[in-house]
A.B. asks: 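What follows is a structure written as structure tokens; I'll ask about it next.
Quick note: residue numbers are just sequence positions, from 1.
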Amino acid sequence: MLYLNETALADRAAFAAAGITLPAYDRAAMIAKTVAEPTWLHFGAGNLFRAFPAKVCDHLLSEGKLDRGVIAAEGFDYEIIDKIYAPHDNLSLSVTLLADGNVEKEVIGSVAEAVKADDAGLARLSEIFCAPSLQMVSFTITEKGYAIRRPDGTIAPAVEEDMKGCPGCAKTFLARLTALLYKRFTAGAYPLALVSMDNCSHNGDKLKAAVLAIAEGWASNEKVGADFIAYLNDESKIAFPISMIDKITPRPDANVAKMLSDADFGDTETIVTDKNTYIAPFVNAEKPQYLVIEDKFPAGHPALEHGGVIFTERETVDKTEKMKVCTCLNPLHTALAVYGCLLGYTLISAEMKDPELAAMVDVIGYKEGLPVVVNPGILDPQAFIDEVVGVRLPNPFMPDAPQRIATDTSQKMSVRFGETIKAYLAAGMDVTALKAIPLVIAGWCRYLMGLDDNGEAFTISSDPLLSELQPYLANLEMGKACPVCVHKALQPILSNANIFAVDLYEAGLGETVEALFLKLIAGPGAIRAVLKETFTA
């Protein structure tokens, strides 16, 4: 039986017999050099990091194009470090699920060190931040990880408490990050790039806004000087590049675990942490991957361009990000997530065999989205969406669930659908010609009721606005609603520009969504009936 630890890797022949590729570099030497002179620190040690950035780094180490790896840090779910990284010597097993049913298995060894951003780990993180060699700190902490404000715009109480204190007393993650930057400033004002690799619009701007707000809070209380604020605002010193990342990385799948076990690999247990992170010694993911980063690195960066990462100007990153999150992937994912939950699906790939859902995806992407996409020049939108619709979403070996994708949908609607609506309005196009996007919005409101198409209750995925939005719908009953009560319930939601990037009534779609919603709650089977009516040729 094979196990994932440094000692076990000595039996390279056994791993080769199991079809598992091992790192082709001196890992001990890499670790020693990385720990002594770190160049890259990454916060967010979960599945996406392990399947993509850490894997790119691993390949470049094997090719001799890098001599140092990456240090992984976790500022939210410390069990990831304790239960996955530490027992396996910071190794992970990458399982790439190909559309033809084949798999690629390889051990990823590029993580030289794993650190928790807790009280005990801050001393080591301070050493890393103070190292002149450090070039880049990257992040995959999810979009909500950058939020320091509540939905009403006020500072969250825990962050506000940190802002009233001093850098050395910080408790929340972003305040601790800002305090670490203050350490770097006082150590020599060394340059650094902070690179969000999260799947959200203008991610680097969100990170910068949060860091600056905290730092300015300290400055107003005279805990830091104006020179620190100037340091953070000086792009020759501190940069916050925007990026676009794309790689579907589902939770660890039981079928993959069995396949590994059948191949004599023993470390296959999936752990669900107290913070509801699903993680295992292995990571299963698709093969397609894209990472485009604004080329703004005052201290330079590891040579990730040799691993397929694209460094380019801000305008191109912005166009690429909008192409993906507004049209060619994310809106399709969200549409499938909402209707998949309502119709009882548990796999995205199975939904793509549903003729009405497949037709809905085509309309959203090709007919409603592509007409307002700006070609970024480095990736062709038509080719990108062709790969998504033809290869990625239907991949039967990708265990991706609509329930996972439906998480935090309220935080995604503005970018995934609101931006397309805004583009129609800006171009003077007929927004009332849209039929699939309003149906997804109506479907999401129907989803918030927590009842599937049979009228049976289901578990709604976590979302920061559930407690605010669900009460609006509490008095609605399937088969008993009228246009007046639907308007009363939906008006506070559909008029909320913080959710949709526009007031849907002012945009000319509010009444359309209301009418569709009324059809969707007509009774059991109404959702399927509306889909058939809308998308059957």
Side-chain angles (χ1 to χ4, degrees), residues 48 52 139-140 142-143 146 195-209 240-248 288-296 309-337 361-389 392-393 405 408-429 431 433-434 436-438 440-441 497-502 504 507 509:
L48 176 59
F52 192 175
F139 304 82
T140 50
T142 76
E143 183 169 6
Y146 304 99
V195 186
S196 170
M197 295 180 179
D198 275 297
N199 182 24
C200 56
S201 181
H202 284 193
N203 43 25
D205 296 345
K206 295 180 189 297
L207 176 58
K208 182 176 182 178
F240 296 86
I242 63 171
S243 73
M244 187 284 286
I245 191 166
D246 182 23
K247 188 177 182 75
I248 299 174
Q289 59 188 32
Y290 303 90
L291 179 55
V292 183
I293 307 176
E294 179 183 6
D295 195 0
K296 191 161 60 175
V309 177
I310 299 171
F311 294 91
T312 186
E313 67 275 3
R314 182 180 180 89
E315 181 182 6
T316 300
V317 180
D318 192 44
K319 290 177 181 177
T320 307
E321 184 262 332
K322 286 182 178 178
M323 177 200 75
K324 179 226 172 187
V325 304
C326 301
T327 303
C328 294
L329 175 60
N330 297 61
L332 315 185
H333 244 167
T334 293
L336 291 170
V361 162
D362 279 351
V363 172
I364 294 171
Y366 290 101
K367 294 183 180 178
E368 298 183 350
L370 277 183
V372 292
V373 164
V374 177
N375 192 326
I378 58 172
L379 296 173
D380 176 62
Q382 179 79 45
F384 191 95
I385 196 171
D386 285 347
E387 182 184 54
V388 168
V389 173
R392 300 174 67 182
L393 295 180
I405 299 164
D408 301 333
T409 299
S410 70
Q411 308 301 293
K412 303 169 181 175
M413 297 298 283
S414 63
V415 174
R416 301 187 180 191
F417 302 105
E419 289 300 319
T420 295
I421 295 169
K422 285 167 61 179
Y424 269 69
L425 294 171
M429 298 170 66
V431 74
L434 298 172
I437 288 176
V440 175
I441 295 171
N498 289 327
I499 296 177
F500 298 105
V502 292
L504 290 174
L509 289 175

A.B. asks: Do other residues, nucleotides or ligands put more than 12 heavy atoms under 6.0 Å from the CD atom of Gln382?
C.D. replies: yes
A.B. asks: Sequence neighbours excluded, which residues qualify as salt bridge (Lys or Arg N to Asp or Glu O under 4.0 Å) partners of Lys324?
C.D. replies: none
A.B. asks: Within the side chain of Asn203, is there an N or O that forms a donor-acceptor pair under 3.5 Å with the backbone of Asp198?
C.D. replies: yes
A.B. asks: Which residues satisfy the salt bridge (Lys or Arg N to Asp or Glu O under 4.0 Å) test with Lys422, sequence neighbours excluded?
C.D. replies: Glu419
A.B. asks: Quick check: do Leu509 and Ile437 have side-chain heavy atoms less than 4.5 Å from each other?
C.D. replies: no
A.B. asks: Please check: side-chain N/O of Thr420 versus main-chain N/O of Cys326, any donor-acceptor pairing under 3.5 Å?
C.D. replies: yes
A.B. asks: Which residue pairs satisfy the salt bridge (charged side-chain N to carboxylate O under 4.0 Å, His left out) criterion with at least one member in residues 362-375, sequence neighbours excluded?
C.D. replies: none
A.B. asks: Examine distances only and state if a side-chain atom of Asp205 and a backbone atom of Ile242 form a donor-acceptor pair shorter than 3.5 Å.
C.D. replies: no
A.B. asks: Roughly how far, to the nearest 0.5 Å, is OG1 of Thr409 from NE2 of His333?
C.D. replies: 12.0 Å
A.B. asks: Apply salt bridge (Lys or Arg N to Asp or Glu O under 4.0 Å) to Glu387 and list each qualifying residue two or more places apart in sequence or on a separate chain.
C.D. replies: none
A.B. asks: Can you list everything that forms a salt bridge (Lys or Arg N to Asp or Glu O under 4.0 Å) with Glu294? Sequence neighbours excluded, please.
C.D. replies: Lys296, Arg314
A.B. asks: Please identify each residue that fulfils ring-ring contact (aromatic ring centres under 6.0 Å, His included) with Phe384, with sequence neighbours left out.
C.D. replies: Tyr290
